[in-house]
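Just below is one structure, and these are the notes that go with it.
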There are 2 protein chains.
Amino acid sequence: MARLATIRDVAARAGVSIATVSRVLNGDVPANPVTAAKVRAAAAELEFRPNRLGRGLKIARTRVLGVLIPSLSNPVFADSVGGIQAAARRAGYSVLIAATGYDAEREDAEIESLLSHRVEGLVVTVADADRSAALAKLDRSGTPYELVYNLPEATCRPAVAVDNIAAARVVVSAMIALGHRRIGMIAGRFLASDRSRQRHAGFMAALNEAGLPPGPVIEVAFDDLRLGGGFGSALTGSGRPTALFCSNDLLALAVMGALHDLGLRIPDDVSVAGFDGIGFGSLLRPSLATVVQPARAMGEAAFERLLARLDGAPPAPPLTLPFTLRHGGSLGPAPSPQP
Amino acid sequence: MARLATIRDVAARAGVSIATVSRVLNGDVPANPVTAAKVRAAAAELEFRPNRLGRGLKIARTRVLGVLIPSLSNPVFADSVGGIQAAARRAGYSVLIAATGYDAEREDAEIESLLSHRVEGLVVTVADADRSAALAKLDRSGTPYELVYNLPEATCRPAVAVDNIAAARVVVSAMIALGHRRIGMIAGRFLASDRSRQRHAGFMAALNEAGLPPGPVIEVAFDDLRLGGGFGSALTGSGRPTALFCSNDLLALAVMGALHDLGLRIPDDVSVAGFDGIGFGSLLRPSLATVVQPARAMGEAAFERLLARLDGAPPAPPLTLPFTLRHGGSLGPAPSPQP
DNA sequence: CTGAAAGCGCTTACAG
DNA sequence: CTGAAAGCGCTTACAG
């Protein structure tokens with residue numbers, strides 16, 4: 001670190017004690033106006049920036065927030081982080097951000113690192129909240145946190161999310177209402193993603209309600225959106241699904257490309273819907289039908305809840321925010337006759 | 001902050017001094033194996049996480065990097081940050097990230113905050129490097145930094161970027177080669193963006209080279225991608241441009257939507273090209289022709305350069321990385337006859 | 001209103 | 001190999 005001015009430098013230049021410098025600059029207690037002026041002048045001349053390490057160590061507050069997300073390249077996370085940052089800035093907090101690539105080991109390591117930096121609280125999105133060792137450790141640490149997107153089922157943890165099951169059910173019901181009878185799902189690995197499991201549950205619920213059997217359910221890895229191999233055979237030929245529900249928008253975009261390559265037209269041959277509501281989906285042609293999560297607002301809400309906790313409020317129950325169904329050209333009536 | 005275990009707690013439990021705890025845990029000097037085992041056991045039982053504030057204050061190194069970007073919602077920035085994070089993680093650095101919304105005041109305030117946190121270095125993208133007060137202040141602070149995307153012309157500052165002028169020239173030359181004679185530009189405000197200015201210079205260079213007069217040049221604000229009003233009149237009617245170069249991809253996507261609303265077909269009536277190479281551009285139909293910047297690699301390179309500086313290397317000259325032209329359906333031959 | 005002093009949690013010469 | 005002590009840059013009772 002470059003050698004920056006310390007409070008001692010300012011005190012010397014102003015001809016006062018460091019205690020006085022601290023008091024003047026923090027502006028809490030009254031000070032002699034001429035002393036204050038001298039201090040301020042010295043601080044300005046030296047471009048004094050109080051060292052937050054010193055302050056943090058003393059007052060045991062860092063005004064730093066930790067953010068843990070799978071990846072910044074998914075706009076749904078970039079947007080929630082944008083909300084967190086905006087709210088944090090308003091409250092005078094800085095934000096330490098770590099990306100995990102959906103890797104449990106990295107989740108753990110980054111939580112350790114964040115805690116070591118003594119973040120006052122964390123906003124966290126993990127791959128699978130119910131079986132996360134990192135989260136269990138976080139619980140033991142006593143540092144307050146809020147989950148975003150994850151809504152654990154087996155444990156009661158503070159979270160801001162949408163009702164994934166209900167939302168998935170709404171999309172799939174919309175498909176059924178459009179005459180689709182063979183509906184498949186492309187999903188992130190259930191073992192690795194609580195959201196993928198929950199959205200699958202909603203998918204099943206809608207089908208059960210309508211008395212329909214599920215179409216093919218294909219699990220894919222997060223980091224492999226190339227969708228090669230067995231993908232094509234399940235989606236072509238007679239008896240193929242006429243609609244595909246994808247567990248997130250990034251997956252849906254990849255699926256649309258793959259279907260195009262298979263020579264299938266969207267939505268004439270096959271309809272597609274996603275989940276998340278990333279902005280780019282509505283720029284596509286056909287535009288992507290999807291569930292819109294209020295990503296930015298979720299980030300803001302998570303930060304506000306955290307702030308309340310830091311101010312002494314008791315943990316709040318999970319906050320479920322409303323989702324909306326965004327209609328799009330990718331979702332149309334079932335082809336007739338059925339393929 | 002929750003009350004976490006301190007080195008004193010560990011020392012007490014292991015029955016040794018805090019100096020020994022420090023030595024064992026930092027594993028630098030040899031220690032008695034049985035003492036070491038006791039210390040490690042105590043640390044594990046207490047889930048001891050060394051307080052980085054204490055360590056940082058003492059050794060005057062925080063292992064924290066500051067990142068300043070306009071916004072995380074533009075994938076070109078999210079991607080470069082992804083590269084920074086990956087490289088930082090490998091080197092054991094954490095990352096404090098601040099977004100500025102292209103606002104000079106916020107740039108200044110966030111730089112102050114980052115410096116206060118004693119980041120060891122910064123990776124910075126500002127709206128306009130040549131007239132940034134924040135950057136001037138950064139220079140005075142002595143804290144090393146690397147610019148990304150900005151390539152100042154009036155000042156010599158460490159930077160990782162592509163040659164914006166050359167790249168813009170290549171795109172516009174490609175338009176000319178396709179028979180376009182009336183080529184317009186939609187650009188972020190020149191007064192607010194060095195990149196917009198540089199790309200405009202490349203646009204002009206290509207036209208001059210071909211002996212063509214420029215078509216309409218429309219400046220728009222970063223935060224207003226709605227493109228209302230006078231936008232339509234300049235782009236319709238006889239004598240309208242047959243190709244539009246947009247100063248970045250986000251703008252190009254907005255322009256494509258607006259052209260669609262004006263009833264113009266892309267590329268039959270009008271061609272469009274962007275700048276940045278965000279992944280979503282190639283998912284659009286027609287796909288977006290654009291200049292691809294190696295965003296992630298730029299972020300990684302910036303971090304590596306910073307690390308070299310922190311290890312004592314002298315400042316390196318600006319690094320210009322190669323760009324590529326991505327062909328796309330949005331750029332086609334000029335219509336004949338000319339409108 | 002101001003200063004001297006203690007102490008936050010670490011690391012690291014300096015002794016032993 | 002280990003410990004006592006100093007000190008990094010702050011804030012804040014405690015005196016005066």
Side-chain angles (χ1 to χ4, degrees), chain A residues 1-40 42-43 46-64 113 115-120 141 143, chain B residues 1-40 42-43 46-64 113 115-120 141 143:
Chain A
M1 299 185 308
R3 207 282 180 179
L4 303 179
T6 73
I7 197 173
R8 208 164 295 278
D9 299 323
V10 178
R13 176 173 264 253
V16 300
S17 74
I18 61 169
T20 296
V21 174
S22 175
R23 288 196 197 96
V24 168
L25 264 24
N26 291 320
D28 36 1
V29 295
N32 181 318
V34 5
T35 313
K38 276 190 303 185
V39 168
R40 274 186 244 283
L46 296 172
E47 304 200 82
F48 173 58
R49 297 179 185 92
N51 185 332
R52 311 281 300 234
L53 300 179
R55 166 167 246 261
L57 202 51
K58 178 66 189 174
I59 69 175
R61 291 203 72 167
T62 53
R63 303 285 164 176
V64 175
S113 165
L115 254 17
S116 229
H117 282 292
R118 295 300 186 265
V119 295
E120 292 184 27
S141 82
T143 305
Chain B
M1 299 187 306
R3 206 282 180 181
L4 303 179
T6 73
I7 197 173
R8 209 165 295 278
D9 301 323
V10 178
R13 175 175 265 254
V16 299
S17 74
I18 62 169
T20 296
V21 173
S22 176
R23 288 196 198 97
V24 169
L25 263 26
N26 291 320
D28 36 2
V29 295
N32 181 318
V34 4
T35 314
K38 276 192 304 185
V39 169
R40 273 187 244 284
L46 297 172
E47 302 200 81
F48 173 58
R49 297 179 185 90
N51 185 332
R52 311 282 300 235
L53 300 179
R55 165 166 247 260
L57 202 50
K58 178 65 189 173
I59 68 176
R61 292 202 71 166
T62 53
R63 303 285 163 176
V64 175
S113 165
L115 254 17
S116 227
H117 282 292
R118 294 300 187 266
V119 295
E120 292 183 27
S141 82
T143 305

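All chains are named by letter (A, B, ...) in the order of the sequence lines, taking the proteins before the strands, and each is independently numbered beginning at 1. None of the values given here were measured: they were computed from a predicted structure.
Here C:dG9 presents its P atom at 14 Å from CG of B:L46, a figure rounded to the nearest Å. For the pair B:N26 CG and D:dT2 P, the interatomic distance rounds to 15 Å; values are reported in whole Å. Residue A:R8 contributes atom CZ, which lies 11 Å from atom C1' of C:dA4 at whole-angstrom precision. As a whole-Å value, the separation of A:K38 NZ from C:dC1 P is 15 Å. Counting to the nearest Å, the C1' atom of D:dC10 and the CZ atom of A:R61 are 16 Å from each other. Distance A:H117 NE2 to C:dC8 P: 22 Å, rounded to the nearest Å. When the C1' atom of D:dC10 is taken as reference, atom CZ of A:R49 falls 17 Å away, rounded to whole Å. The interatomic distance linking B:R52 (CZ) with D:dG9 (C1') rounds to 18 Å, in whole Å.
C:dG16 and C:dT12: their C1' atoms are spaced 16 Å apart (whole Å).
Mapping B:P33 and B:G54 onto DNA chain D by nearest heavy atom places B:P33 closer to the 5' end of the strand.
Residues A:H117 and A:V64 are not in side-chain contact: their nearest non-hydrogen atoms beyond the backbone lie 4.5 Å or more apart. Contact check for A:R118 versus B:R52: no side-chain heavy atoms found under the 4.5 Å cut-off. Residues A:L57 and B:N51 meet the side-chain proximity criterion, which asks for heavy atoms closer than 4.5 Å.
Using a 4.0 Å heavy-atom cutoff across all strands shown, B:T6 reaches sugar-phosphate atoms only and no base atom.
The two atoms that bring B:I18 and B:I7 nearest to each other are O-CD1, 3.4 Å, heavy atoms only. Residue B:S116 comes nearest to A:P50 through the heavy atom pair OG-O, 2.8 Å, listed as atom of the first residue, atom of the second, then distance. Heavy atoms only, all atoms of each residue included: B:A5 and B:L46 are closest at CB-O, 3.8 Å.
Considering only the side chain of B:K58, C:dT11 comes nearest among C:dT11, D:dA4, C:dG3. Closest to the side chain of B:I18, from the set C:dC10, D:dT2, C:dC8, is C:dC10. Listed candidates were D:dT2, C:dC8, D:dC10. Nearest to the side chain of B:T20 is D:dT2. Out of C:dT11, D:dG9, C:dT2, the shortest distance to the side chain of B:I7 is found at C:dT11. The A:L57 side chain lies nearest to C:dC8 when the options are C:dC8, D:dG3, C:dC1.
Residue A:N51 places no side-chain N or O under 4.0 Å from the OP1 or OP2 atom of D:dC8. For C:dT11, the OP1/OP2 oxygens have a side-chain nitrogen or oxygen of B:S22 closer than 4.0 Å. Phosphate proximity of C:dT11 to B:R55: present, with a side-chain N or O under 4.0 Å from OP1 or OP2.
Across all strands shown, C:dA13 remains unpaired; no Watson-Crick or G-U wobble contact has both distances below 3.5 Å. Shown here, C:dA4 forms no base pair; nothing in the strands shown gives a Watson-Crick or G-U wobble contact with both key distances under 3.5 Å.
Within 3.5 Å, a donor on the side chain of B:R23 pairs with an acceptor on the base of D:dG3, or the reverse.
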